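Nothing here was measured: the structure is a model prediction, and the numbers come from that model. Ligands are counted one by one from 1 in listed order, and the atoms in each one are counted from 1 as well.
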Amino acid sequence: MTTVLITGASKGIGKAAARRFLDSGARVINLSRTPSEVDGIENRQIDLAAAGAADDVASLAAELDPGVIHLIHNAATLTNDSVRDTTAAHFRAIIEVNLIGPQLLNQALLPAMKTGSSIIYIGSTLSEKAVPNSYTYVTTKHAMVGMMRATCQDLIKTGIHTACVCPGFTNTEMLRTHVGESDDILQSIAAMSGFGRLIEPEEIAETILFAANNPVINGAVIHANLGQVES
Ligand SMILES: NC(=O)c1ccc[n+]([C@@H]2O[C@H](COP(=O)([O-])OP(=O)(O)OC[C@H]3O[C@@H](n4cnc5c(N)ncnc54)[C@H](OP(=O)(O)O)[C@@H]3O)[C@@H](O)[C@H]2O)c1
């Protein structure tokens, strides 16, 4: 049976992706601080920013049988910060979740990942452009594209593929918190999409499933943002 490991499947896009993989018949394991409440999803509590994350990942790797494994790097932290006020400590804390966590999992799990497996990074529209006051997020999301491209090259001819799915504005807690739960701001953000609405997490979940199951997209940055109005 295919095993799917998703970081941050307790909420939002990760939760929708976990449901979608479960429906496809896979064994699905969520890695996050709080559990997923979806029936059938296995939970392993982990804080990717904590000192014990490497030990938690090593225990997880030890319990997995080798086979087809899809590793979905979805958990991330988004804070309002800028080049003027980002301290080294704050930057390190964000990097732990957004970049080091994925690499801990890559290194620990690759030995068990056989032909047909995949590593799917969840980037953002902000993997390839920037906005003000999202300094650490923009920086780490750009870096994820680099990780994905380097992963592709390092895993050539292993039968394991990779891609970076870059969502646009998606209706989740991360986005709602970022705009201070303001319906007015959410509406103006929705108006910036080519379809005049926010993306539903299930739409990104479908894109992640496609990326995991189709090795032809190896090395690709897949934008999933409904088209954005550029001004
Ligand atoms: N929503 C958008 O508009 C949007 C746009 C572009 C890209 N994205 C990307 O899509 C991905 C999912 O975002 P989302 O909107 O679904 O966010 P979300 O609703 O806030 O969910 C984030 C998930 O990450 C987990 N997480 C956060 N910090 C963690 C930590 N230290 N250790 C372990 N797990 C942690 C959370 O679980 P716990 O709290 O239970 O730990 C939660 O399950 C992210 O990579 C995000 O950057 C989102």
Side-chain angles (χ1 to χ4, degrees), residues 5-20 28-38 41 43-57 60 71-80 90 92-105 119-131 134 136-145 147-148 163-179 181 185-186 188-190 192-193 197-208 211 221-226 228:
L5 292 155
I6 310 182
T7 60
S10 58
K11 299 173 194 148
I13 289 169
K15 182 177 181 180
R19 265 209 192 99
R20 187 65 190 86
V28 180
I29 303 174
N30 164 46
L31 309 171
S32 59
R33 294 166 299 183
T34 59
S36 164
E37 282 154 12
V38 175
I41 291 173
N43 290 293
R44 301 289 182 281
Q45 188 180 25
I46 183 165
D47 180 348
L48 292 169
D55 290 341
D56 293 340
V57 167
L60 172 72
L71 178 52
I72 317 296
H73 296 307
N74 168 75
T77 305
L78 166 63
T79 55
N80 285 307
H90 174 63
R92 280 197 193 98
I94 302 296
I95 287 171
E96 287 293 338
V97 180
N98 295 7
L99 299 176
I100 306 290
Q103 179 50 22
L104 280 178
L105 286 159
I119 299 177
I120 307 302
Y121 295 88
I122 307 305
S124 165
T125 315
L126 298 181
S127 290
E128 294 195 327
K129 67 183 237 187
V131 292
S134 297
T136 59
Y137 187 78
V138 168
T139 303
T140 53
K141 287 296 176 182
H142 273 63
M144 276 200 125
V145 171
M147 284 175 82
M148 183 279 291
C164 186
V165 172
C166 294
F169 297 115
T170 307
N171 188 10
T172 69
E173 184 175 308
M174 177 181 281
L175 182 64
R176 289 191 298 272
T177 304
H178 192 59
V179 302
E181 303 287 341
I185 300 179
L186 283 177
S188 63
I189 284 175
M192 288 163 64
S193 102
R197 65 171 175 83
L198 297 178
I199 300 160
E200 290 306 319
E202 289 72 21
E203 296 178 272
I204 304 301
E206 201 63 40
T207 312
I208 296 169
V221 177
I222 302 174
H223 286 285
N225 60 28
L226 291 172
Q228 289 199 339

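Per-atom contact check: atom 22 (C) of ligand 1 does not touch the protein, criterion being a heavy-atom distance below 4.0 Å.
Scanning the protein for heavy atoms near atom 37 (O) of ligand 1, the closest one is S10 OG, 3.0 Å. Nearest protein heavy-atom contact of atom 45 (O) of ligand 1 is N74 O, 2.6 Å.
Remark: the H223 side chain and the E128 side chain contain an N/O donor-acceptor pair separated by less than 3.5 Å. In the model, S36 has no side-chain atom that pairs as donor or acceptor with a side-chain atom of N30 under 3.5 Å.
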Can you give the donor-acceptor pairs under 3.5 Å from side chains of residues 167-175 to other protein atoms, not counting sequence neighbours?
from: T170; atom 1: OG1; to: G168; atom 2: O; distance (Å): 2.8
from: N171; atom 1: OD1; to: R176; atom 2: NH1; distance (Å): 3.0
from: T172; atom 1: OG1; to: M174; atom 2: N; distance (Å): 3.3

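Not a single heavy atom of S36 sits closer than 4.0 Å to an atom of ligand 1. Contact annotation: T7 has no heavy atom less than 4.0 Å from any atom of ligand 1. Within the structure, the closest approach of K141 to ligand 1 falls below 4.0 Å when heavy atoms are considered. Judged by the shortest distance from any of its heavy atoms, G168 lies inside the 4.0 Å radius around the atoms of ligand 1.
More than 12 heavy atoms of other shown residues, nucleotides or ligands fall within 6.0 angstrom of atom CZ in R197. No more than 12 heavy atoms of other residues, nucleotides or ligands lie within 6.0 Å of CD in Q45, so this atom counts as exposed by the packing criterion.
Annotation: T170 places an N or O atom under 3.5 Å from an N or O atom of ligand 1; distance criterion only. Geometrically, ligand 1 and G8 share a nitrogen or oxygen pair separated by less than 3.5 Å. Geometrically, ligand 1 and T125 share no nitrogen or oxygen pair separated by less than 3.5 Å. Residue contacts with ligand 1: L48 is placed with a nitrogen or oxygen under 3.5 Å of a nitrogen or oxygen of the ligand (distance criterion only).
Looking at N171 against ligand 1, nothing comes within 4.0 Å, counting heavy atoms.
Heavy-atom contacts of G12 reach the following atoms of ligand 1: 16 (O), 19 (O) (cutoff under 4.0 Å). The atoms of ligand 1 that sit less than 4.0 Å from any heavy atom of A75 are 24 (O), 25 (C), 26 (N), 34 (N), 35 (C).
Residues satisfying the side-chain hydrogen bond (donor to acceptor under 3.5 Å, both in side chains) criterion with N74, sequence neighbours excluded, are absent altogether.
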- Task: Would you please test T79 and H90 for side chain to side chain donor-acceptor pair (under 3.5 Å) and show each step?
- Result: CA-CA 10 Å; T79 55; H90 174 63; 3.2 Å; yes
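Side-chain contact between L60 and L105: present, with at least one pair of heavy atoms (C-beta onward) separated by less than 4.5 Å. Residues L126 and Y137 meet the side-chain proximity criterion, which asks for heavy atoms closer than 4.5 Å.
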